[in-house]
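Structure below; questions to follow.
Only heavy atoms go into these numbers, but all of them, side chains included; no hydrogens, no water, no symmetry mates. Numbers restart at 1 for each chain; the letters A, B, ... are given by sequence-line order, proteins then strands.
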Protein chains: 2
Amino acid sequence: MVKMRDVAKLANVSVATVSRVLHNPETVKEATRNKVLSVIDEVNYKPNMLARQFRRNETNIILVVVPSIINTVFSGIIEGIEYEAASHGYRVLLGNTNRKVENEYNLVDLLKKRQTDGMILLSERMDPNYIKSLSEEYPLVLATAYIEGLKVPSVSIDNVSSSREAVEHLISLGHREIAHITGPLQFAISKGRYSGYRQALMQNNIEVRNMLVQEGDFTFESGYNQMLKLMAIEKTPTAIFAANDEMAMGAVKAAKELGLDVPKDIAVVGFDNITFSSKFDPAITTVAQPLFEMGQKSMKLLLQQIQGKPILKSQYILECELLVRDSCGGKIKEKVMNEEIST
Amino acid sequence: MVKMRDVAKLANVSVATVSRVLHNPETVKEATRNKVLSVIDEVNYKPNMLARQFRRNETNIILVVVPSIINTVFSGIIEGIEYEAASHGYRVLLGNTNRKVENEYNLVDLLKKRQTDGMILLSERMDPNYIKSLSEEYPLVLATAYIEGLKVPSVSIDNVSSSREAVEHLISLGHREIAHITGPLQFAISKGRYSGYRQALMQNNIEVRNMLVQEGDFTFESGYNQMLKLMAIEKTPTAIFAANDEMAMGAVKAAKELGLDVPKDIAVVGFDNITFSSKFDPAITTVAQPLFEMGQKSMKLLLQQIQGKPILKSQYILECELLVRDSCGGKIKEKVMNEEIST
DNA sequence: CTGAAAGCGCTAACAC
DNA sequence: GTGTTAGCGCTTTCAG
């Protein structure tokens with residue numbers, strides 16, 4: 001392994017000069033610099049980053065804590081983080097928690113042991129106060145989860161208003177009996193989406209019927225099961241708002257098995273815009289989160305902290321977009337109307 | 001930041017002893033060890049990993065080079081890698097290439113600069129000879145791509161025989177006019193799957209009609225487009241073998257739009273068993289790769305190299321499984337038969 | 001069983 | 001502009 005000392009010797013300069021050529025080339029006379037550079041090239045010198053990192057006490061690595069990367073919501077955000085990180089010379093270390101909070105606590109050790117310069121949490125399982133105290137000591141950004149009242153730099157969406165918009169769309173299509181399949185209600189995002197649902201109904205003077213709200217767990221299967229349950233009650237809903245796309249798809253499957261047509265007999269709306277929601281049959285109407293941008297923004301916020309720049313605004317809420325597709329009938333209605341006109 | 005020196009002082013021992021307690025506790029007298037441990041606990045000492053890594057010239061980080069993590073094939077493998085890595089005290093650094101070969105070459109620098117202890121390639125874009133030479137100098141494993149004749153440790157599946165099995169299943173269902181939508185034919189996996197298709201036909205004395213082979217690019221849209229093309233030719237196929245699930249789903253969409261029923265009018269088989277193939281309507285018959293195991297095995301192979309253990313066998317080919325679901329009609333036929341019997 | 005001490009390769013303050 | 005040099009915190013050899 002050729003090291004800086006060797007380069008220095010061959011170029012007849014000191015190691016300090018070699019180091020300067022690498023970091024502050026303008027402070028070295030051109031002739032010297034060229035000489036050094038040519039030697040570096042000649043012997044194919046690669047600086048030992050471990051030594052540099054040790055000396056400077058920085059790794060240029062950031063940790064991303066994620067429940068599972070197979071979920072395209074998370075991998076979408078990670079792509080944004082990766083992109084922004086790479087363009088600033090940072091690398092992404094993946095911390096998969098498999099949805100276990102103890103793994104999250106373990107990963108924090110990487111920060112404390114200085115193995116990463118900062119951390120982005122795509123999960124909200126740890127104690128908020130602990131997160132808060134961590135944030136005071138280390139660069140940290142919370143993505144996807146906005147913890148009310150917690151002054152930790154975060155990037156999120158507004159689950160409440162986005163859901164409200166989705167449900168209002170269903171109402172505008174004439175639906176009054178709208179059911180909601182929620183996520184696990186211990187999570188803030190599930191609560192937020194549930195609140196949006198309630199707000200939309202109340203704003204439109206529609207009674208919130210308890211029977212029409214069923215708790216799922218974000219899986220396809222739970223969507224399927226809760227849908228069967230919803231269609232078994234006396235006064236069945238004409239529309240379903242599921243707290244994520246997987247459950248929406250599960251609900252569609254159940255509807256089909258019950259001989260119902262989606263959207264003609266029952267409208268379905270999801271949340272997340274995962275990759276396959278547009279490819280599902282029918283294509284799922286859903287709320288699209290700006291995943292890539294969320295990742296980018298999170299990384300930018302983290303960089304500001306790492307570089308010790310003042311953070312003017314620490315909480316960012318990015319806008320979602322309601323994508324009206326076939327599963328809610330919004331589009332089909334338009335088509336029908338157009339056809340009627342043209343007839 | 002409390003450091004080893006501080007612990008040593010408080011425990012009235014030397015730094016060497018503290019270090020021993022951490023790495024070879026059995027070489028320290030129990031009383032001394034307990035004293036040191038209690039001080040470590042008391043002052044909440046966390047070793048500076050950067051210093052340790054520098055000193056030992058190892059990072060306990062491995063690099064995974066991946067074209068895009070949004071694809072569940074890759075994220076599935078990564079989960080396996082992550083799992084195995086974590087259980088041996090290693091961490092996974094993510095190198096997203098966005099399908100650009102220059103990013104791959106850049107990432108190799110991390111290895112050369114000793115920022116990672118090894119590398120797993122989930123991509124096959126670099127020059128094989130370069131990969132070979134890298135492999136001679138650094139711990140490296142090739143996953144998903146098996147480069148014929150290249151003696152680089154690798155974990156892969158047998159694309160040829162797996163495809164052959166899938167197509168033979170279609171033949172066993174009575175199909176003779178079977179089309180194939182390939183992946184980009186510059187990739188070894190696409191070629192392999194194409195070969196399997198040809199072999200199955202030839203083995204069964206079925207003519208390989210050129211018109212029935214169309215090149216896609218692994219996207220849903222290409223599956224859709226190639227399907228439309230295939231159904232426009234004179235003697236249309238009765239079954240489609242797509243080189244991956246996304247294209248198979250695109251083909252199903254096209255078939256539906258043409259008013260065809262899948263599988264009654266046309267059978268479709270895919271490859272990969274991505275998360276949504278079982279949730280698609282109809283559920284896609286596909287070849288399941290053991291993704292998690294591939295990741296695990298790759299990591300194990302890499303560890304062997306890092307630890308300098310002799311590698312008895314360097315090329316592993318894991319077995320795939322044909323999952324017969326609704327899209328090929330295999331299951332439905334059985335159902336119908338049972339009903340006929342019971343009637 | 002324990003301590004002293006020599007570095008690992010690089011950076012940066014200081015001196016010239 | 002360039003060289004000298006003192007560490008960064010830890011591991012490990014060698015001596016006792």
Side-chain angles (χ1 to χ4, degrees), chain A residues 1-40 43-61 89 109-117 308, chain B residues 1-40 43-61 89 109-117 307:
Chain A
M1 204 67 238
V2 36
K3 51 196 74 163
M4 198 178 266
R5 189 172 45 235
D6 304 322
V7 174
K9 203 168 289 170
L10 286 168
N12 280 319
V13 294
S14 71
V15 289
T17 299
V18 178
S19 181
R20 280 187 200 104
V21 168
L22 259 27
H23 299 291
N24 306 92
E26 69 283 359
T27 66
V28 178
K29 197 166 54 169
E30 192 173 345
T32 326
R33 185 171 60 222
N34 289 337
K35 175 74 186 144
V36 171
L37 285 174
S38 77
V39 172
I40 284 177
V43 300
N44 192 26
Y45 165 72
K46 298 274 179 197
N48 179 328
M49 297 307 274
L50 291 181
R52 176 183 296 175
Q53 288 172 2
F54 166 52
R55 181 56 229 258
R56 304 180 85 157
N57 199 30
E58 64 181 32
T59 60
N60 280 31
I61 288 175
D109 257 18
L110 290 175
L111 253 191
K112 296 195 172 170
K113 289 179 184 161
R114 327 219 147 280
Q115 284 197 91
T116 68
D117 293 351
Chain B
M1 204 66 238
V2 36
K3 50 195 75 161
M4 200 178 265
R5 190 170 46 234
D6 304 323
V7 174
K9 203 169 292 171
L10 286 168
N12 281 319
V13 293
S14 70
V15 288
T17 299
V18 178
S19 182
R20 280 187 200 105
V21 169
L22 259 26
H23 299 290
N24 306 92
E26 70 283 0
T27 66
V28 178
K29 196 167 55 167
E30 191 173 346
T32 324
R33 184 171 61 222
N34 288 337
K35 175 73 184 146
V36 170
L37 285 173
S38 77
V39 171
I40 284 177
V43 300
N44 193 26
Y45 165 71
K46 299 272 179 197
N48 180 328
M49 297 307 275
L50 290 181
R52 176 182 299 174
Q53 288 171 2
F54 166 52
R55 183 54 229 261
R56 304 178 84 152
N57 198 28
E58 64 179 32
T59 61
N60 280 31
I61 289 175
D109 256 18
L110 290 174
L111 253 192
K112 296 194 172 170
K113 290 179 184 160
R114 327 218 146 281
Q115 284 196 91
T116 68
D117 293 350
Q307 295 167 350

Applying the side chain to side chain contact (heavy atoms under 4.5 Å, CB included) test to B:R33, which of B:V21, B:V13, B:T27 qualifies?
B:V21
Closest to the A:R55 side chain: D:dG9, C:dG9, C:dT11?
C:dT11
Given C:dC10, C:dA4, D:dT11, the nucleotide with the shortest approach to the side chain of A:R52
C:dC10
Please state whether the base of C:dG3 and the side chain of B:R20 form at least one donor-acceptor pair under 3.5 Å?
yes
How about B:E30: does its CD atom have over 12 heavy atoms from other parts shown lying under 6.0 Å from it?
no
Could you give the CZ-to-P distance, from A:R5 to D:dT5, as a whole number of Å?
15 Å
Could you state the NZ-P distance from B:K113 to C:dC10, rounded to the nearest angstrom?
12 Å
Smallest separation among heavy atoms of B:V2 and B:N44, with atom names
CG1-O, 4.1 Å
Picking from C:dC10, D:dG1, D:dT11, which would you name as closest to the side chain of B:M4?
D:dT11
A:Y45: which of A:D6, A:L22, A:L10 passes side chain to side chain contact (heavy atoms under 4.5 Å, CB included)
A:L22
Counting heavy atoms from C-beta on, name the nucleotide in D:dT11, C:dC8, D:dC10 closest to the side chain of B:P47.
D:dC10
Set out, in order, the CA-CA distance, both residues' side-chain angles and the distance that settles side-chain contact (heavy atoms from CB on, under 4.5 Å) for B:R114 and B:Q53, then state yes or no.
CA-CA 10 Å; B:R114 327 218 146 281; B:Q53 288 171 2; over 6 Å; no
Do the side-chain N or O atoms of B:Y45 get closer than 4.0 angstrom to the phosphate oxygens (OP1, OP2) of D:dC10?
yes
Picking from C:dT11, C:dG9, C:dC1, which would you name as closest to the side chain of B:T32?
C:dC1
Tell me what B:T17 touches on the nucleic acid: a base, only sugar-phosphate, or nothing, going by heavy atoms under 4.0 Å.
sugar-phosphate
I need the NZ-P distance between A:K9 and D:dG3, as an integer number of Å.
14 Å
Nucleotide of C:dG9, D:dG9, D:dT11 approaching B:A51 most closely (side-chain heavy atoms)
D:dG9
Does C:dG9 have OP1 or OP2 under 4.0 Å away from a side-chain N or O of A:K3?
yes
May I ask you to say what B:V18 touches in the nucleic acid, namely base, sugar-phosphate or nothing, with a heavy-atom cut-off under 4.0 Å?
nothing
Would A:F54 pass as stacked on C:dC10, i.e. its ring centre under 5.5 Å from the base's six-membered ring centre and planes under 30° apart?
no
To the nearest angstrom, how far is A:N24 atom CG from C:dA13 atom P?
11 Å
Please determine whether a side-chain nitrogen or oxygen atom of B:S19 lies at a distance below 4.0 Å from atom OP1 or OP2 of D:dT11.
yes
Check the distance between C:dT11's P and A:H23's NE2 and give it to me in whole angstrom.
4 Å
Mapping A:E26 and A:A16 onto DNA chain D by nearest heavy atom, which one lands closer to the 5' end?
A:E26
Can you tell me which nucleotide in C:dC10, C:dG7, C:dA12 comes closest to the side chain of A:R56?
C:dA12
